[in-house]
Amino acid sequence: MTSECEHLQVVWVYKVGAMETTMKGELDYLLEVVKKAQQACYDAGAVEVITNIKIHSKTDAATDTFCTYHRGVTEANHMFVEK
């Protein structure tokens, strides 16, 4: 998906699930997405918003971790696998 954030055009990957939305991209941009989602709730009339965030990061030295998917590409993770 391509999204416009001010003057930057950013490509980001996401998957919507029943209890969470998983996003992959540059951290500062993704945090801006979260802020805008919270503001949309307030704009719609919410008086309180709770946001739970999990951040997974790794260095290039990590080769077989949760986010490398060397264990197999599945329907649930295929959009996060770099080709």
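What you see is a predicted model; the values in this text were computed from it and never measured.
By the side-chain hydrogen bond (donor to acceptor under 3.5 Å, both in side chains) test, N52 is found to be paired with no residue, residues two or more places apart in sequence or in another chain being considered. A search for salt bridge (Lys or Arg N to Asp or Glu O under 4.0 Å) contacts involving E20 returns K54, not counting sequence neighbours. Under the side chain to side chain contact (heavy atoms under 4.5 Å, CB included) criterion, S57 pairs with no residue, sequence neighbours left out.
The CD1 atom of I50 sits 10.5 Å away from atom CD of Q38, with the distance rounded to the nearest 0.5 Å. Interatomic distance, NZ of K36 versus CG of L31, reported as 12.5 Å (0.5 Å rounding).
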- Task: Tell me, with the steps shown, if L30 and K24 meet side chain to side chain contact (heavy atoms under 4.5 Å, CB included).
- Result: CA-CA 8 Å; L30 296 176; K24 178 180 179 180; 5.8 Å; no
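Nearest heavy-atom pair, E26 versus D28, reported as atom, atom and distance to 0.1 Å: OE2-N, 3.2 Å.
I53 and V49 fall into different hydrophobic clusters, defined by Ile, Leu, Val, Met, Phe, Trp and Tyr side-chain heavy atoms under 4.5 Å apart, directly or through other members.
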